[in-house]
Amino acid sequence: MADQHSAAAQMPQLVEGPFPLSTLRHSVAHLMASAVQNLFPGVRFGFGPSIEHGFYYDFDLPEPLTEKDLARIEKEMRRIAQHSPAIQMRTVTREEARKILAGQGQDFKVEAVDLIPEGEAITFYYHGPEGKEWGDLCEGPHLDSFKDHKFFFKLLSLAGAYWRGDEKNPMMQRIYGTAFWTQAELDAHLAWLEEVKRRDHRRLGSELDLFSTHPEAGAGFVFWHPNLGTVRRCLEELWWEQHEKNGYEPVYTPHVSRESLFAVSGHLENYADMMYAPMELDEMPYRVKPMNCPGHVLIYKDRGRSYRELPLRWAELGTVYRYERSGVVHGMLRVRGFTQDDAHIFCSADQLADEIAGVCRMVDFFMKTFGFEYTAYLATRPAEHTIGDADIWERATQALRDAADSIGLKLELDEGGGAFYGPKIDYKIKDALGREWQNSTIQCDFNLPQRFDMTFTNHEGKPERPIMVHRAILGSLERFVGVLTEHYGGRFPFWCAPHQVAVIPIREEHSAYAKTLVDRLRGQRYRVEAMLEAGHMNKKIKTAQKAQIPFMLIVGEREAQDGTVAVRPRGDGDQVVVPFEDFLSKIEILRRDRVAE
RNA sequence: GCUGCUGUAGCUCAGUGGUAGAGCACUUCCUUGGUAAGGAAGAGGUCAUGGGUUCAAGUCCCAUCAGCAGCUCCA
């Protein structure tokens, strides 16, 4: 409990400043730009807004910047701030703006002028020593002065970024930084960044022996080590348990199919650049599956279906392969082969709302189990390129709303954010570090039933088109477990921890008693790290602590005599000596109820 | 894919064109220790891979692979 709620893990609490924080940060971005201009005279400027945790500014420079330059720029910023008693706004006409910027060779800024809508004021903001003010095209607002306010900033990192975020445009150099009204807040933010780094699942992945990737296998392919394999097995057990309780049935589908299957499903025309190249078998092209849905449709179509068997709920932990561009693969969070916790529900239109509600309840159950807060978004019909009549879109969207209403789930609106084939509900979860992730999704699909000409016989004996619902709760196991690792900082709750209990005798002569504990625990299917070999108790404690094992049982003479154990929880908790039987009943509850620590 | 950076022992990292280094981890021996590092010794490297420059390359150059920070794109 202590660790993930420690001060460093929390987003800094912000104090009120004389101006909103975003204004400060935007102004500091200007300050940075003026410093860059002083140090690198030929610079051309892009955009420099404030963002969630700070600000950035994009520059076009002949030479690449290095980390060393950041310190120089910071220094120059402090100097300029001291000589900037006033920040002043000047309103100009569109023509004047163009002229000023063209005269300075600021081509990107000239383009920026054209982006300002007709009728809006065009303004410049100036700061710096009198007579040598530096000005930037900007809608503001800004501080009134740098010199008269106390503020604290730090430049953090360098990156490339396309002009106006379009990969067809030239690449600029971006400097990220952050700013606060107090040193304490800046320090807290930097500590938070450190904590994010410390909890990085790639780092924990190697520290805790969780997973690896290998150049020999190629980028974006994850190898699950025994420790993380154990976590995954626990999740899968929970997953199947919940799916059985909710009326889902397991299906398994092949990883490779004839290409023509994906032609019928439409993946080939819409998704080909994400799919692996075809392979020839018996002079016929085959493909590795990028999604599980076509396979489930084939099962549906294997025989006629009656309204009496609907809804059908079919679940599969299905591994899919997608080509991701080389620069985007990232640990377990963005990979080229992953396992979706997939399911498809085939139902009639009037069953839709109930089915959606059922899925929402499951999402809620899982997210509570893992301790994630979440927000749900209703994504409605996009403006163009959709399939299905307006009528069915309207009914399905209403079904999603009704479903949410029926279980008291509040939906934020994501207008026009639906897929081309139907409306959906997407979930964003918030982890222990306050970061957001998108995992769960519930999507109505009118497309595949039509493409595959799926039908069921309704009570009038007529063929009717089912609605297909795609849904994933965890998203992909790789991404989810990666997020979970960071969420817990490697301190997996007892029920899914790779090793649950470490047994540590104080002296070798206590090994016999320790061994009886190990045997009892193993007999009840606990995952026990038996540290019975000769060696120092302190070292074993340290090892167990570093491995984040939830409980250490430390036993010596007194414990052996009394049939007790000294329970040392990981982290800062107090050690207690309890009868071994008491310990057993305590952990039984932690396991059975999957208690989130 | 794009821009920039990086690749030395399992991990974290030094290494200035001239004999490959440290700490931790690991192995062995000694140590019997009541709650996060007892001591000693040992082993561990084709310096990512392939080419090039040089009398000489971990070090300089090129390519490839992989990783990192982002951008774009995504579960």
Side-chain angles (χ1 to χ4, degrees), chain A residues 46 56 58-61 63-67 69 156-176 197 200 202-203 206-209 212-221 271 273-274 290-292 318 320 322-342 426-427 437-441 443 470 472-480 482-483 504-511 534-547 552-559 566-572 574-575 577:
Chain A
Y56 67 79
D58 289 341
F59 306 104
D60 179 63
L61 290 159
E63 293 294 319
L65 292 165
T66 68
E67 297 283 337
D69 294 319
L156 296 171
S157 59
L158 292 163
Y162 299 107
W163 164 238
R164 296 180 59 196
D166 188 330
E167 65 181 321
K168 291 194 269 303
N169 286 340
M171 177 80 58
M172 306 183 78
Q173 299 189 59
R174 175 172 295 181
I175 302 178
Y176 284 95
K197 231 196 247 169
D200 189 305
R202 293 163 300 180
R203 176 178 173 155
S206 109
E207 279 176 14
L208 301 176
D209 197 9
S212 54
T213 57
H214 301 272
E216 296 91 323
F221 297 110
Y271 211 72
D273 53 343
M274 297 288 284
M291 291 190 191
N292 300 305
V320 297
R322 298 181 187 177
Y323 171 73
E324 294 284 357
R325 297 208 284 177
S326 64
V328 306
V329 296
H330 181 95
M332 303 187 78
L333 302 183
R334 190 77 182 271
V335 295
R336 286 175 167 172
F338 57 93
T339 301
Q340 291 183 307
D341 74 313
D342 213 351
D426 284 332
Y427 286 77
W437 307 90
Q438 211 243 283
N439 287 81
S440 314
T441 182
Q443 311 179 348
H470 310 251
I473 294 175
L474 310 179
S476 95
L477 290 178
E478 283 74 6
R479 177 175 286 185
F480 190 78
V483 169
I504 302 173
I506 287 172
R507 283 197 301 282
E508 212 170 349
E509 69 204 63
H510 308 128
S511 294
H536 286 272
M537 174 188 64
N538 279 353
K539 195 171 168 191
K540 293 175 185 173
I541 291 173
K542 185 183 167 197
T543 304
Q545 188 72 53
K546 285 182 91 171
M552 286 168 250
L553 301 185
I554 298 168
V555 293
E557 226 141 62
R558 298 200 290 270
E559 288 79 9
V567 183
R568 179 180 164 136
R570 63 183 162 189
D572 316 320
D574 287 335
Q575 173 176 283
V577 178

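Each chain gets a letter, A, B and so on, in the order its sequence line appears, and its residues count up from 1.
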Visitor: Could you list the protein-to-nucleotides 25-27 of chain B atom pairs, N/O on both sides, closer than 3.5 Å?
Guide:
none

Visitor: Could you work out the separation of B:A14 and B:G58 based on their C1' atoms and round it to a whole Å?
Guide: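 That atom pair is separated by 12 Å.
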Visitor: Which protein N or O atoms sit under 3.5 Å from an N or O of nucleotides 3-9 of chain B?
Guide:
unit_1, atom_1, unit_2, atom_2, d
B:U3, O2, A:G160, N, 3.4

Visitor: How about A:D574: does its CG atom have over 12 heavy atoms from other parts shown lying under 6.0 Å from it?
Guide: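 Counting other residues, nucleotides and ligands, CG of A:D574 stays at 12 neighbours or fewer.
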Visitor: Counting just side-chain N and O atoms, does A:S326 come under 4.0 Å of either OP1 or OP2 of B:G1?
Guide: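 Yes, such a contact exists.
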Visitor: Measuring only the P atom in each nucleotide, how far is B:G17 from B:G23? A whole number of Å is fine.
Guide: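 Comparing P positions in B:G17 and B:G23 gives a spacing of 25 Å.
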Visitor: Select one nucleotide: of B:C11, B:A36, B:U72, the one nearest the side-chain heavy atoms of A:S206.
Guide: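 So the side chain of A:S206 is nearest to B:C11.
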Visitor: When you measure from the side chain of A:R202, which nucleotide among B:A75, B:C68, B:G67 comes out closest?
Guide: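 Among B:A75, B:C68, B:G67, the one nearest the side chain of A:R202 is B:C68.
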Visitor: Expressed as a whole number of Å, how far does the C1' atom of B:G7 sit from that of B:G50?
Guide: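 Comparing C1' positions in B:G7 and B:G50 gives a spacing of 15 Å.
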Visitor: May I ask you to say what A:R174 touches in the nucleic acid, namely base, sugar-phosphate or nothing, with a heavy-atom cut-off under 4.0 Å?
Guide: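 Sugar-phosphate, backbone atoms only, no base.
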Visitor: Please list each protein N or O that sits under 3.5 Å from an N or O in nucleotides 32-34 of chain B, with the distance.
Guide:
unit_1, atom_1, unit_2, atom_2, d
B:U32, O4, A:E508, OE1, 2.9
B:G33, N7, A:I506, O, 3.1
B:G33, O6, A:E508, N, 2.9
B:G34, O6, A:E557, N, 3.2
B:G34, O6, A:R558, N, 3.4
B:G34, N1, A:E559, OE1, 2.9
B:G34, N1, A:E559, OE2, 3.3
B:G34, N2, A:E559, OE2, 2.7

Visitor: For residues 323-339 of chain A, run the donor-acceptor check on the side chains, cut-off 3.5 Å, and write out each pair with its distance to 0.1 Å, sequence neighbours left out.
Guide:
unit_1, atom_1, unit_2, atom_2, d
A:E324, OE1, A:R334, NE, 3.3
A:E324, OE1, A:R334, NH2, 2.8
A:E324, OE2, A:R334, NE, 3.4
A:R325, NH1, A:E167, OE1, 3.3
A:R325, NH2, A:E167, OE1, 3.2
A:R336, NE, A:E324, O, 2.9
A:R336, NH2, A:E324, O, 2.6
A:T339, OG1, A:R232, NH2, 3.3
A:T339, OG1, A:T319, OG1, 2.8

Visitor: Kindly say whether, by distance alone, the side chain of A:E216 makes a donor-acceptor pair under 3.5 Å with the base of B:A66?
Guide: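 Counting by modelled atom types and ignoring angles, no donor-acceptor contact under 3.5 Å is found here.
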Visitor: Answer with yes or no whether A:Y162 presents, from its side chain, a donor or acceptor under 3.5 Å of a partner atom in the base of B:G1.
Guide: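 Flag set: donor-acceptor pair detected.
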Visitor: What residues, two or more places apart in sequence or in another chain, satisfy side chain to side chain donor-acceptor pair (under 3.5 Å) together with A:D60?
Guide: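 For A:D60 the side chain to side chain donor-acceptor pair (under 3.5 Å) partners, ignoring immediate neighbours, are A:R44.
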Visitor: Determine the interatomic distance between C1' on B:G21 and the same-named atom on B:C55; round to the nearest Å.
Guide: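 Pairwise C1' distance, B:G21 against B:C55, rounds to 26 Å.
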Visitor: If you measure from the ring centre of A:Y176 to the centre of the six-membered ring in the base of B:G70, is it under 5.5 Å, with the planes under 30° apart?
Guide: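 A stacking contact does not exist, since A:Y176 is not both close and nearly parallel to the base ring of B:G70.
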Visitor: In whole Å, measure the gap between the C1' atoms of B:U27 and B:C71 for me.
Guide: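 48 Å, rounded to whole Å.
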Visitor: Over all strands shown, is A:V320 touching base, sugar-phosphate only, or nothing at heavy-atom distances under 4.0 angstrom?
Guide: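 Contact class for A:V320: none.
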Visitor: Would you please name every residue forming a ring pair (Phe, Tyr, Trp, His ring centres under 6.0 Å) with A:H214, sequence neighbours left out?
Guide: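 Counting only residues at least two positions away or on another chain, A:H214 forms a ring pair (Phe, Tyr, Trp, His ring centres under 6.0 Å) with A:F223.
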Visitor: To the nearest Å, how far apart are A:Q443 CD and B:C74 C1'?
Guide: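 Atom CD in A:Q443 sits about 13 Å away from atom C1' in B:C74.
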Visitor: Please report the distance, rounded to the nearest Å, between CD in A:E167 and C1' in B:C74.
Guide: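 Rounded to the whole Å, the gap is 13 Å.
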Visitor: Just call it for A:H214: base, sugar-phosphate, or nothing, with non-hydrogen atoms closer than 4.0 Å on any strand.
Guide: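 Nothing, no nucleic acid heavy atom in range.
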Visitor: Which value, in whole Å, describes the distance between the P atoms of nucleotides B:A66 and B:G52?
Guide: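 It comes out at 23 Å once rounded to the nearest Å.
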Visitor: Would you name the heavy atoms of A:I473 and A:D341 that are closest together and state the gap between them?
Guide: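 Reported closest heavy-atom pair: N-OD2, 3.0 Å.
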Visitor: For a quick test of reading the model: is some side-chain N or O of A:R568 closer than 4.0 Å to OP1 or OP2 of B:A36?
Guide: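 Affirmative; the distance criterion is met.
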Visitor: Report yes or no: is there a donor-acceptor pair, N or O only, under 3.5 Å between the side chain of A:R334 and the base of B:C74?
Guide: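 Side chain to base: pair found, below 3.5 Å.
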Visitor: Can you check the distance between B:A9 and B:U49, where both ends of the measurement are the P atom (answer in whole Å)?
Guide: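 Taking atom P in both B:A9 and B:U49, they lie 10 Å apart.
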Visitor: Distance between the C1' atoms of B:C47 and B:A20, in whole angstroms?
Guide: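 Here B:C47 and B:A20 have their C1' atoms 8 Å from each other.
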Visitor: If I take atom CZ in residue A:R325 and atom P in nucleotide B:G70, what distance separates them, rounded to the nearest angstrom?
Guide: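 So the two atoms are 17 Å apart, to the nearest Å.
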Visitor: Applying a 4.0 Å non-hydrogen cut-off, can you work out what A:A219 is touching in the nucleic acid: base, sugar-phosphate, or nothing?
Guide: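 Touches sugar-phosphate only.
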Visitor: Given the structure, check if the side chain of A:R479 and the base of B:C74 hold any donor-acceptor pair shorter than 3.5 Å.
Guide: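 Yes, a donor-acceptor pair under 3.5 Å.
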Visitor: Ignoring backbone atoms, test whether A:Y323 places a side-chain nitrogen or oxygen under 4.0 Å from the OP1 or OP2 oxygen of B:G1.
Guide: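 Result: yes.
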Visitor: Under 4.0 Å, heavy atoms only, any strand: does A:E478 hit a base, just the sugar-phosphate, or nothing?
Guide: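 Counting heavy atoms under 4.0 Å across all strands, no contact is made by A:E478.
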